[in-house]
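Notes follow the structure.
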Amino acid sequence: MNNKQLADTFSLIADLMQIKGEVIYKILAYRKAADSLVAYPRSVKDLYEEGSKLTDIPGVGKAIGDKIAELLDTGKLEFLEKLQKEVPTSLADMLEIPDLGPKKVKLFWDELNITSIEQLKKAAEEGKLRDLAGMGPKSEAKILDGIESLSRRTGRTPLGVAWPAAQVQLELIRAVKGVKAAEVAGSLRRMKDTVGDIDILVSAVDSAPVMKAFVEQPTVARVLGEGEIKSSVEFQDGSRAQIWVHPPERFGTALQYATGSKDHNVRIRELALKKGLSLSDQALTKEDGTEILASTEEEVYKKLDLEWVAPEMREDRGEVQAAKDKKLPKLLTTKDIRAELHTHSTWSDGKVSIQQMAEEALKRGYKTLAITDHSVSLGIGNGLSVERLHEQRQEIDKVRKKVGDTLLILHGTEMEIRADGNLDFDNETLAWLDIVIASLHVSIRQPREQVTERMLNALQNPHVDIIAHPTNRLIPDREGADLDMDAILQAAAETDTALEINANPRRLDLEDIYARRAIELGIKLVINTDAHRLKHLDFLHYGVATARRAWAEKKHVINTWTPKQIEKWLKGRG
DNA sequence: GCCGTTTTCGGCCCGACTGTTTTCAGTCG
């Protein structure tokens, strides 16, 4: 069992216990443990087999630790099996329906013996739900609506979809008369790779015109709620957004609150309480009831003697302690990036010429550009043979002459790691190239050991400088390869091979948690857009955000180097 | 069930909104 499967097991336990009506804090503990396992950068199975203490994992104590051990030893969990006998597992699926929680699920189960979404739908259509206690015609209709929206929804929205959509919302809201400020909040502001919905915080004295503009947009399919302070909508594409309006003098506390994460806010509030302050979205309130208002987030953190924490770091991964000690890292910014080391041209599957890419790189202020077209075995990407690589060198030399010394153009490759583990080019060719990126595109569903072995083989080659998008995942449709990340990271550290954070928002691979661990292990990171078109260079900020979520500073990222530094590193590597 | 820079016991966030009510329960974030 991997971390995700363990986490899913504990999520299921939490769901079933909640329907059963267990005390809420037990349920919260299981949910917390599940979240923690997903975010844990090491394989818990390996940890256990090494004999390390499972209770070192945040949110895992004796009881849950024992359950993890049982799952890893036997693949089963007696506790869960007993629970499933009491509460049918299919009830947990019903919790997915919006506006339907454990109490209602239990009610339908107790009163009408409903145990599946299909049965629930049938009962609602037949008007059997409306007469139950606390139910009525509207609630019944809402449930049918919810079941329908479940089929429309595709789960979490990829960052690359949500972020541009949010910019449209911000533009609309900021144009409303009386609006002092509007910002995204929630997981989108924290730049998580997927987001549940778009959260927007607005600073305005009068909320009515804002709410009106928000719910009356032509792209809104349904208004899910509309109030004075908060409204939420579902768009035609099934995605959702919600908006809060607060007076300017309370905007700081409100934005801090709405940005989360939940766990980060819990830590912050604990700290506030120790100082005799209760923190809410409204204010910091003293014990005597007087309010301290904050119009900016910086004031909120300052009042608590904390450094302001960048939203990308607010995941309760040690940032609150660091903010207390005034030891937060000085995070990387897009302005620090001066090199793009992974681009494609018309020589393979790119849409622009080398010349065009070079001109665009210069325009964007880059000092170094690597042209790294696909290699021969990636047929679908029109990969280059050794012969075509040599022809390409001639064109690169021409472009070099045209652009002069202002831009260092590196001739490289994005070389395929073949299904059998071999590399596409011989060492002689690799040594001749300026820069070598190796990546997996094919046969990524191989068993963990096999696919890991292929990657390790690439890492061991002294000519391979960078591993691109290590797992080859695509958000939201494709899971990445089942790599043994502990082994990969260790090999990258030993061979001084850089690991790429691919900035394409469908990739964001290396993931933040592994990037953080890579930094701790002294591995160099490189952030590349993998541009196939000029516009793809705009992806950079997504990659930088992912690096910031990994606490990356300028010094950890190769793209911040001067051409001289980059050349020196490459030359030292064979 | 987990956690601890005052705690190994006693906390663990809480308010907005909806739909049901006749002052509140359920859900959500």
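Computation of the quantities below employed the complete heavy-atom set of this structure, encompassing side-chain atoms and omitting hydrogens, waters and symmetry-equivalent molecules. Just so we're clear, the structure is a prediction, and the values are computed from it rather than from any experiment.
- Salt-bridge formation is not detected for the pair A/Asp197/A/Arg240: no Lys NZ or Arg NE/NH1/NH2 atom is positioned less than 4.0 Å from an Asp or Glu carboxylate oxygen.
- Note on A/Glu270: nothing from the nucleic acid sits closer than 4.0 angstrom, heavy atoms only.
- For A/Leu273 and A/Gly134, each mapped to the nucleotide of DNA chain B holding its nearest heavy atom, the one lying further toward the 5' end belongs to A/Leu273.
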**Asked** Do A/Lys53 and A/Tyr48 pass the side chain to side chain donor-acceptor pair (under 3.5 Å) test, and can you show the C-alpha distance, the side-chain angles, and the key distance before you say yes or no?
**Response** CA-CA 7 Å; A/Lys53 275 190 301 187; A/Tyr48 176 62; over 6 Å; no
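- The CD atom of A/Glu140 sits 16 Å away from the C1' atom of B/dT18 (whole-angstrom rounding).
- Side chain of A/Asn504 to backbone of A/Arg506: a donor-acceptor contact under 3.5 angstrom is found.
- For the segment residues 8-35 of chain A, residues with any heavy atom less than 4.0 angstrom from an atom of DNA chain B are, sorted by number, A/Tyr25, A/Lys26, A/Ala29, A/Tyr30.
- In terms of phosphate contacts, A/Ser280 brings no side-chain nitrogen or oxygen within less than 4.0 Å of OP1 or OP2 of B/dC14.
- In this structure, A/Lys32 pairs ionically with A/Asp263, as a charged nitrogen and a carboxylate oxygen lie closer than 4.0 Å.
- Looking at heavy-atom distances under 4.0 Å, A/Glu228 makes contact with sugar-phosphate atoms alone, never a base.
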Could you list the donor-acceptor pairs under 3.5 angstrom formed by side chains in residues 266-274 of chain A, with sequence neighbours left out?
unit_1, atom_1, unit_2, atom_2, d
A/Arg267, NE, A/Asp316, OD1, 2.9
A/Arg267, NH1, A/Glu270, OE1, 3.4

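- Distance A/Leu77 CG to B/dG1 C1': 14 Å, rounded to the nearest Å.
- In this structure, A/Trp244 and A/Leu255 have side chains that are not in contact, with every pair of non-hydrogen atoms separated by 4.5 Å or more.
- In terms of the ring-ring contact (aromatic ring centres under 6.0 Å, His included) criterion, A/His246 has no residue partners (sequence neighbours excluded).
- Rounded to whole Å, the separation between the P atoms of B/dT21 and B/dA16 comes to 24 Å.
- Taking only side-chain atoms of A/Ile229, from C-beta outward, the nucleotide of B/dA16, B/dT20, B/dG1 with the closest atom is B/dA16.
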**Complete:** Whether each nucleotide of nucleotides 3-10 of chain B has a protein heavy atom under 4.0 Å at its base (B), only at its sugar-phosphate (S) or at neither (-) is summarised, 5' to 3', as S-------
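- Separating the P atom of B/dT27 from that of B/dT20 is a span of 13 Å, rounded to the nearest Å.
- The distance from the OG atom of A/Ser239 to the CD1 atom of A/Ile198 is 5.5 Å, given to the nearest 0.5 Å.
- Distance, A/Asp131 CG to B/dG19 P: 18 Å, rounded to whole Å.
- Going from the C1' atom of B/dG15 to that of B/dT6 covers 30 Å, rounded to whole Å.
- Per the geometry, CG belonging to A/Leu271 stands 19 Å off P belonging to B/dG11, to the nearest Å.
- The CE-C1' distance, from A/Met135 to B/dG19, rounds to 10 Å in whole Å.
- Rounded to the nearest Å, the gap between the P atom of B/dC17 and that of B/dT22 is 23 Å.
- Under the 4.0 Å criterion applied to side-chain N and carboxylate O atoms, A/Arg222 and A/Glu234 are assigned as salt-bridge partners.
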**Per-nucleotide protein contact string for nucleotides 24-29 of chain B, where B marks a base within reach and S marks sugar-phosphate only (heavy atoms under 4.0 Å, - for neither)** = --SSSB
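- Base pairing annotation: B/dT8 forms no Watson-Crick or G-U wobble pair, as no partner gives both donor-acceptor distances under 3.5 Å.
- Separating the CD1 atom of A/Ile243 from the C1' atom of B/dC17 is a distance of 16 Å, rounded to the nearest angstrom.
- Counting to the nearest Å, the P atom of B/dA16 and the CD atom of A/Gln282 are 6 Å from each other.
- Separation of the C1' atoms belonging to B/dG11 and B/dA25 is 24 Å when rounded to the nearest angstrom.
- By the 6.0 Å and 45° rule, A/Lys67 stacks over the aromatic ring of A/Phe79.
- B/dT5 and B/dG1 have their P atoms separated by 23 Å, with the value rounded to a whole Å.
- A/Arg190 and A/Glu315 are joined by a salt bridge, as a carboxylate oxygen and a charged side-chain nitrogen come within less than 4.0 angstrom of each other.
- For A/Asp305 and A/Lys275, the salt-bridge test passes: some basic side-chain N is under 4.0 Å from an acidic carboxylate O.
- Atom name P, nucleotides B/dC14 and B/dT23: the rounded distance is 26 Å, in whole Å.
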Side-chain atoms of residues 35-44 of chain A: list all donor-acceptor pairs with protein atoms under 3.5 Å, sequence neighbours left out, distances to 0.1 Å.
unit_1, atom_1, unit_2, atom_2, d
A/Ser36, OG, A/Pro58, O, 2.6
A/Arg42, NE, A/Asp486, OD2, 3.2
A/Arg42, NH2, A/Glu50, OE2, 2.9
A/Arg42, NH2, A/Asp486, OD2, 3.3
A/Ser43, OG, A/Lys45, N, 3.4
A/Ser43, OG, A/Asp46, N, 3.1

